[in-house]
Protein chains: 2
Amino acid sequence: MVRKPTSKETVRKPNMREAILAAAEELFATNGFNAVSVRDIAHAAGANPGSVTYHFKTKDGLLLEIYRRHCGPMNLRRSELLAAARRVRDLQDRLEAVVRAYVLPAFTSGSDLAGGGARFTRLRAVMSAEGNEVARKIIAQTFDDTSHAFIDAIHDSLPHVPRTDIVWRSHFLLGALYYSLVTPDRVSRLSRGEADGSDAASAIEQLVQATVAAFQAPALDQAAPARRRPVVSSKT
Amino acid sequence: MVRKPTSKETVRKPNMREAILAAAEELFATNGFNAVSVRDIAHAAGANPGSVTYHFKTKDGLLLEIYRRHCGPMNLRRSELLAAARRVRDLQDRLEAVVRAYVLPAFTSGSDLAGGGARFTRLRAVMSAEGNEVARKIIAQTFDDTSHAFIDAIHDSLPHVPRTDIVWRSHFLLGALYYSLVTPDRVSRLSRGEADGSDAASAIEQLVQATVAAFQAPALDQAAPARRRPVVSSKT
DNA sequence: TGATCTTTTGTACGATAGTACAAATCACAT
DNA sequence: ATGTGATTTGTACTATCGTACAAAAGATCA
């Protein structure tokens, strides 16, 4: 641990370490954890494979450090935006503001990390799909509080909707968010080029608009399972 | 369907082959493609590793066969349900029926395959997140037609909403659907045990309800980007 | 400059991956 | 019962994996 050479602080030569982190983040986010080897990461970062071991000890340690790097800032920013959103007077506007406070940090950069918001969120999506244990643990203990706060804020704006429904719908929101980052090309393809799935601004607006409407849907009454069965049932 | 005892045709002893397919499907769907070895699959199926090579040649070939097995029946059932849904008179009911026609086959079994609908859909979700090439190809050429038909049906029910918006919202639907199958425990956790994320019936009803509302959201007008910026903007 | 600490390099090791292939076994028509 | 083709087994090969570790290189300050 170096403290003060002459003036600055932290460290003055973070080149390799940062390069490895960035390369790993990119590769993990696009190919998954197991499909990427330590050698792949080192090569992409212009480093030696042994350098990865030196800085992060293990491959899991590297992943853990990526999470540590992003979780704090993203969580903080989400909390700030949520607090600001809760101060919005108009109930309809407040709902939209809360949703936006949840979505925005996932697409944009946390703080000084260059445009890594979307990349890290995509990484989370992929790790979640792969059932990665390292990711599962750190995510649950980092984001569950924020998720509850978000759900509570939504519930305050929509008191007539049961909390259970809000949980489901916020879960759908996260799924939609993840999927938009994982396969943006599908949007471009299905819209026959009319929409650009990788345009973050469009994705955010579309997602906020759709999600606000979803939250405002009437409560799903447990007693009356479904108004009517509109189509044929399964043939089994 | 078995026809002739004396005639050979395909094969009359599908035990091992089917066991391997089922085991691979389960393991791939929960752990991803690269995290599962051929030996893992063979062990789970009670087979010899060499048996996998014999039946499917390569690991990719095994994945391909899983897709071939499910895509046809699921697509067919989705088409049937969609056709039935389009005949619903009432516009509001028809929208819900169409959404249900899209969601139902993803959760329930395709035809004679035992309860494998949700398992295969989860597999698709995981492969999509991992950017698996084999899966990407076969999915695009199998489901894109059905997806377009679905989008058209929604558009017919909501003529005032631009097609682009419908594409985005149907994309969100698929993402929400995928995510519900990938991490159902998160719903249970965030609802503090009040909801069961792995209950397919609840998931379907919640998803249909929320999605119908999302589709019915007002069109996102391109000219006026957002009614108002409700919260503070990014601090960058 | 030389001493000391940090970082990078190169190489190697054991484990495990996907796959190939010959031998053993099985199912069944004759 | 026996021969024949389909299947299963066992084993082995090569490639690559994550990781360890000693030596080289670079940086820092007396």
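Lettering of chains follows the sequences in order, A, B, ..., and the numbering in each one begins at 1. This one's a predicted model, so the numbers in the text were calculated from it and none came from an experiment.
Atom NZ of K59(B) is separated from atom C1' of dA17(C) by 8 Å (rounded to the nearest Å). Between N34(B) atom CG and dG18(C) atom P the separation is 9 Å, expressed in whole Å. Rounded to whole angstrom, the span from the CG atom of N15(B) across to the P atom of dA27(C) amounts to 10 Å. Atom CZ of R39(A) is separated from atom C1' of dA20(D) by 12 Å (rounded to the nearest Å). Atom CG in L27(A) sits about 12 Å away from atom P in dC17(D), given to the nearest Å. Taking atom CE on M16(A) and atom P on dG26(D), their separation rounds to 13 Å, with Å as the unit. Atom P of nucleotide dT16(C) and atom CD1 of I41(B) are separated by 17 Å, given to the nearest angstrom. Counting to the nearest Å, the P atom of dG18(C) and the CG atom of L63(B) are 13 Å from each other.
Distances shown here put a side-chain N or O of N48(B) below 4.0 Å from the OP1 or OP2 atom of dG10(D). Between Y54(A) and the phosphate of dT7(C), there is a side-chain N or O to OP1/OP2 separation shorter than 4.0 Å. The side chain of S37(A) places no N or O atom within less than 4.0 Å of a non-bridging phosphate oxygen (OP1 or OP2) of dT16(D).
Cation-pi geometry between R124(B) and F143(B) is satisfied (NZ or CZ under 6.0 Å from the ring centre, within 45° of the ring normal). A cation-pi arrangement is found for K59(A) relative to F33(A), the charged atom lying closer than 6.0 Å to the ring centre and inside a 45° cone about the ring normal.
Considering only side-chain atoms of S51(A), the nucleotide from dG18(C), dT9(C), dT19(D) that sits closest is dT9(C).
If you find the closest nucleotide of DNA chain C to H55(A) and to T58(B), the one lying nearer the 5' end belongs to H55(A). Place D40(A) and G50(A) on DNA chain D by their nearest nucleotides, and D40(A) ends up nearer the 5' end.
Minimum interatomic distance between N48(B) and A42(B) (heavy atoms only, all atoms of both residues): C-CB, 3.8 Å.
The environment of H43(A) atom NE2 is sparse: at most 12 non-hydrogen atoms of other residues, nucleotides or ligands sit within 6.0 angstrom.
Ring-plane geometry between Y102(A) and F150(A) is classed as parallel, the angle between the planes falling under 30 degrees on a 0 to 90 degree scale with a further cut at 60.
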